[in-house]
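Everything on this sheet refers to the single structure shown next.
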Amino acid sequence: MDRTFRRVAADGTATPHPRAVIAEHPIAIEVNGLGYAVMMATPADVEDFVTGFALSERIVDTVEEMAALDLHPTDRGVIARLAVPPARAAALADRIRRRTADSSCGLCGMDNLDAVHRPLPRVPTAAPDAAAIFAALARMRAHQPLNRATGAAHAAMLCAADGTIRLAREDVGRHNAFDKLIGAMARRGLAWDGGFALLSSRCSYELVEKAALSGCPLLATVSAATDLALARAAAAGLTLVSLARDDAVLFSDPVR
């Protein structure tokens, strides 16, 4: 949507300033009829988002386990109804009963601190070098039309080993953008194929979790990594590259 703001310059001059505003709507995710989470997201590529969310939350292990996904737009948001096999549904029903809180910061469904440290799969050895990351950074802005229009969107990108950007997704939330990318890859049958993920955000632990669960060998982020992100990445064998800027990047090579 577009809105006109009042722009005030340093000298006090005020002028009308029209610009696009990013959409942020609730998406209620139901699994086999049970309410799982309400996430605030940009209502584009919703199928990709819910698919990636289901994989990242370990609701399913593969996209083939998603028996159905139906979207129901309403005047208050979108209801996403996901169907999974009975074997998955039984464990999930107990998990939902024990939920104590929802969070957009990656703690959905976790009812104790030990769950933050649940085991992650080991990821393949990273092959991309710094030159590939610089190449992807140089191309990044061209794949961020929503952010160019609004100045309020995060991006997640699937990059080839040489830095070519193969696929990109944007959202108001950094977690949502990565879920959209992972979901789009799963729905299209795409793999990392020796490439890497490039995100426009800082690197927090839940982004490491999503990367590891998707089999991503290297995660590069424009801003810095947290201590828990570094620890979780090392446990999974995931190479982290943080503070990825056009003049330098920081590698945190895991101990293998």
Side-chain angles (χ1 to χ4, degrees), residues 21-25 27 37 39-45 48-49 52-53 55-57 102-108 116 120 123 126 128 130 132-159 163 165-185 192 195-214 216-234 236 238-252:
V21 177
I22 196 167
E24 183 180 27
H25 294 178
I27 297 177
M39 307 297 291
M40 301 304 296
T42 304
D45 304 308
D48 293 341
F49 169 59
F53 181 87
L55 292 167
S56 297
E57 277 284 297
D102 287 336
S103 169
S104 63
C105 294
L107 293 173
C108 296
V116 176
L120 290 173
V123 302
I133 296 168
F134 286 128
L137 285 167
R139 300 173 173 128
M140 190 175 190
R141 184 168 174 78
H143 293 266
Q144 295 179 270
L146 184 58
N147 191 58
R148 285 200 306 275
T150 66
H154 278 295
M157 303 185 183
L158 163 62
C159 304
I165 296 174
R166 300 171 57 197
L167 186 65
R169 287 292 183 267
E170 291 183 280
D171 194 274
V172 71
R174 65 187 190 278
H175 319 90
N176 300 342
F178 202 12
D179 276 338
K180 285 182 178 181
L181 178 67
I182 292 169
M185 290 173 62
W192 295 103
F196 60 98
L198 175 61
L199 308 185
S200 64
S201 64
R202 66 180 172 86
C203 184
S204 48
Y205 95 94
E206 70 278 8
L207 297 178
V208 168
E209 298 248 329
K210 295 177 190 297
L213 290 169
S214 72
C216 178
L218 184 150
L219 174 61
T221 62
V222 168
S223 294
T226 67
D227 61 345
L228 186 55
L230 291 166
R232 296 291 277 161
L238 171 67
T239 299
L240 285 187
V241 178
S242 58
L243 289 173
R245 310 295 170 84
D246 58 7
D247 59 341
V249 298
L250 293 182
F251 275 79
S252 300

field: Closest approach of L120 to R232 (non-hydrogen atoms, all atoms of both residues)
entry: CG-NH2, 3.5 Å

message: Just to verify, what does R245 make a salt bridge (Lys or Arg N to Asp or Glu O under 4.0 Å) with, not counting sequence neighbours?
response: none

query: Are side-chain heavy atoms of C203 and V208 found at a separation under 4.5 Å?
result: yes

field: Spatial distance of atom CG (L218) from atom CG (L240) [nearest 0.5 Å]
entry: 7.5 Å

message: As an exercise, state the distance from CE of M40 to NE2 of H175, rounded to the nearest 0.5 Å.
response: 14.5 Å

Indicate every side-chain donor-acceptor pair of residues 136-147 with a distance under 3.5 Å to a residue at least two apart or in another chain.
from: R139; atom 1: NH1; to: G163; atom 2: O; distance (Å): 3.0
from: N147; atom 1: OD1; to: A152; atom 2: N; distance (Å): 3.3
from: N147; atom 1: OD1; to: A153; atom 2: N; distance (Å): 3.1

message: Is any side-chain heavy atom of T42 closer than 4.5 Å to one of N176?
response: no

field: Over all atoms of both residues, closest heavy-atom pair of I22 and T150
entry: N-CG2, 3.6 Å

message: To the nearest 0.5 Å, what is the distance between CG on L199 and OG on S242?
response: 12.0 Å

V249 and its side-chain contact (heavy atoms from CB on, under 4.5 Å) partner, picked from V241, L243, T221: V241

- request: Applying salt bridge (charged side-chain N to carboxylate O under 4.0 Å, His left out), run through R174 and E206 and close with a yes or a no.
  value: CA-CA 10 Å; R174 65 187 190 278; E206 70 278 8; 3.4 Å; yes

- line: CG (D45) and CG (D179) are apart, to the nearest 0.5 Å, by 12.5 Å

query: Any sub-3.5 Å donor-acceptor pair from K180's side-chain atoms to A156's backbone N or O?
result: no

- line: Smallest heavy-atom separation, A220 atom then I133 atom, equals CB-CG2, 4.5 Å

task: Look only at the side chain of S56 and the backbone of K210, and say whether a donor-acceptor pair between them is shorter than 3.5 Å.
output: no

- prompt: What pair of heavy atoms forms the shortest contact from A184 to L167, and how long is it?
  reply: CB-CD2, 3.8 Å

- prompt: Can you name the closest pair of heavy atoms from F53 and A37 and give their distance?
  reply: CZ-CB, 4.1 Å

task: Without swapping roles, check the side chain of W192 against the backbone of S214 for a donor-acceptor pair under 3.5 Å.
output: yes

- prompt: When rounded to the nearest 0.5 angstrom, what is the spacing between CD in E57 and CG in L213?
  reply: 10.0 Å

field: Considering all heavy atoms, the nearest I165-M157 contact
entry: CD1-SD, 3.4 Å

- request: Please round to the nearest 0.5 Å and tell me the distance separating atom CZ of R166 and atom CG of L158.
  value: 4.5 Å

- prompt: Under a 4.5 Å cut-off applied to non-hydrogen side-chain atoms, are D171 and F49 in contact?
  reply: no

